[in-house]
Amino acid sequence: MADVDAQSLDATILTRDAALLKDAVRDAGALAQSMFRTELKKWIKGVSSPVSEADIAVNDLLEARLRAARPDYGWLSEESADDAARLSRRLTWIVDPIDGTRNYLGGHDDWCVSVALVEDASPVLAAVFAPSRDEFFFAVRSEGTTLNGEPVRTTSGSELDFARVAGPKPLVERLKPSLGEIKLHPRIGSLALRLCRVAHGALDAAFAGGNSHDWDLAAADLIVQEADGKMSDLSGEPILYNRREVAHGVLVAAGRDRHAGIVAHFRNRPLA
């Protein structure tokens, strides 16, 4: 195979990698589902982040399928040791084997497998699969977003129905402080799924609090964008992926008009 860094990312490469990604994520989701609600070894990494043998098994499956097929691509996964070689690769897989591990271990169904292919700093392919809910989101750059094979779009308009907004309540309340107590959409434990709910119109907007990471965001970002939405930081700047620093601050996703209104609000009333 020719070095991919010397190639242009044309439609043939995207089509080839889209098929690979779909198959790998479906199989990864099936593996995670087979281990769901079983007795699993689990432990804590860092300060308080839970990990289980299911996370590792799914990560191993994805790495074996994706890295073996595309050895010239970089690799960034929540459950793999970071390899700085990714920084020199034009194409990189960004992977969260199980997004929403707490929900997964608690027997709740809001968890997913989330994988993106990033070219330079922007996602070009994305798959988010929630097998317990039978939801498979897929997006290809410039080709739109589908849910279970059917095209989806964000909701239109710029108004805010807070019952259709998800995210940290203190942050969302800053949008309309004069309203006092507001009722948000129930919490969604998987950040990737929370953002994908915007893409198919189940939510009007979703926020991510600080300290989310590339693997939480990259796939959902493209899925929102290709559903005629936008996802950015609160100043409106796009999110850049596969950089040395992979943590991000506060972010918002919404349909384009609503997103513009939210960004304008926070531009005039910054958090700090």
Side-chain angles (χ1 to χ4, degrees), residues 25 28-29 32 45-52 54-55 58-59 62 76-79 93-106 108-116 118 123 126-133 135-139 145 147 152 154 164-172 184-227 229-234 238-242 245-254 259 262 271:
V25 170
K45 69 177 181 182
V47 176
S48 61
S49 183
V51 186
S52 77
D55 296 86
V58 173
N59 188 68
L62 288 167
L76 174 63
S77 170
E78 182 177 16
E79 305 305 343
W93 299 111
I94 297 185
V95 176
D96 195 339
I98 299 179
D99 184 61
T101 296
R102 282 189 179 86
N103 273 21
Y104 181 87
L105 294 175
H108 307 295
D109 60 7
D110 269 342
W111 57 272
C112 64
V113 178
S114 178
V115 184
V118 167
V128 171
F129 183 28
S132 289
R133 302 177 67 90
E135 293 177 333
F136 193 96
F137 295 88
F138 197 78
T145 292
L147 170 57
V152 292
T154 57
R164 291 174 54 82
V165 177
K169 191 171 184 180
L171 172 64
V172 179
L184 285 176
H185 189 278
R187 184 177 183 276
I188 300 170
S190 159
L191 178 53
L193 279 182
R194 184 192 311 168
L195 298 166
C196 286
R197 298 273 179 265
V198 173
H200 74 109
L203 293 176
D204 289 335
F207 289 82
N211 204 38
S212 53
H213 294 80
D214 278 15
W215 45 78
D216 303 308
L217 304 168
D221 190 348
L222 184 66
I223 285 165
V224 169
Q225 288 185 54
E226 289 297 324
K230 193 165 182 184
M231 185 168 141
S232 73
D233 67 20
L234 292 187
I239 306 158
L240 302 179
Y241 299 100
N242 195 35
E245 177 54 61
V246 299
H248 301 273
V250 177
L251 309 169
V252 60
H259 177 274
I262 293 170
L271 294 181

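In this structure, CG in Leu271 is found 6.0 Å from CG in Leu171, a value given to the nearest 0.5 Å. The CD1 atom of Ile223 sits 10.0 Å away from atom CE of Met231, with the distance rounded to the nearest 0.5 Å. Note: Ser212 OG to Ile239 CD1 = 7.5 Å, rounded to the nearest 0.5 Å. Rounded to the nearest 0.5 angstrom, Leu76 CG and Asp214 CG are separated by 5.5 Å. Rounding to the nearest 0.5 Å gives a distance of 10.5 Å between NZ of Lys230 and CG of Asp221. The CG atom of Asp216 sits 6.5 Å away from the CD atom of Glu78 when rounded to the nearest 0.5 Å.
Side-chain contact check for Ser190 and Asp110: no donor-acceptor pair (N or O, by modelled atom type) lies under 3.5 Å. Checked by atom type, the side-chain pair Asn59/Ser77 shows a donor-acceptor distance below 3.5 Å.
The two residues Ala220 and Val128 have their closest heavy-atom pair at N-CG2, 4.4 Å. Contact detail for Ile98 and Thr101: the closest heavy-atom pair is O-OG1, 3.1 Å. Shown here for Val250 and Gly210, the closest heavy-atom pair between the two residues is CG2-N, 3.9 Å. What you find for Asp109 and Ser132 is that their closest heavy atoms are CB-CB, 3.5 Å. The minimum heavy-atom distance between Val118 and Ala218, with the atom names listed, is CG2-CB, 4.4 Å. Across all non-hydrogen atoms, the minimal contact from Ala127 to Ala219 is O-CB, 4.0 Å.
With contacts defined as side-chain heavy-atom distances shorter than 4.5 Å, the pair Trp215/Val95 does not qualify. With contacts defined as side-chain heavy-atom distances shorter than 4.5 Å, the pair Phe138/Val25 does not qualify. The shortest distance between side-chain heavy atoms of Pro131 and Phe136 does not fall below 4.5 Å. With contacts defined as side-chain heavy-atom distances shorter than 4.5 Å, the pair Asp96/Leu191 does not qualify. Put simply, the side chain of His248 does not reach to within 4.5 Å of the side chain of Asp233, judged on heavy atoms. Between Leu193 and Phe137 there is a side-chain heavy-atom pair separated by less than 4.5 Å. The closest side-chain heavy-atom distance from Ser48 to Arg102 is below 4.5 Å.
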Show me, pair by pair, the donor-acceptor contacts under 3.5 angstrom made by side chains of residues 194-204, not counting sequence neighbours?
{"from": "Arg194", "atom 1": "NH1", "to": "Phe207", "atom 2": "O", "distance (Å)": "2.7"}
{"from": "Arg197", "atom 1": "NH1", "to": "Glu135", "atom 2": "OE1", "distance (Å)": "3.0"}
{"from": "Arg197", "atom 1": "NH2", "to": "Glu135", "atom 2": "OE1", "distance (Å)": "3.2"}
{"from": "Asp204", "atom 1": "OD1", "to": "Thr155", "atom 2": "OG1", "distance (Å)": "2.8"}
{"from": "Asp204", "atom 1": "OD1", "to": "Arg164", "atom 2": "NE", "distance (Å)": "3.2"}
{"from": "Asp204", "atom 1": "OD1", "to": "Arg164", "atom 2": "NH2", "distance (Å)": "3.2"}
{"from": "Asp204", "atom 1": "OD2", "to": "Arg164", "atom 2": "NE", "distance (Å)": "3.2"}

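Side-chain atoms of Asp99 do not come within 3.5 Å of backbone N or O of Ser114 as any donor-acceptor pair. Judged by distance alone, with hydrogens and angles left aside, the side-chain atoms of Thr145 form no donor-acceptor pair with the main-chain N or O of Ala139 at under 3.5 Å. In this structure, the side chain of Tyr104 engages the main chain of Ala32 through a donor-acceptor pair within 3.5 Å.
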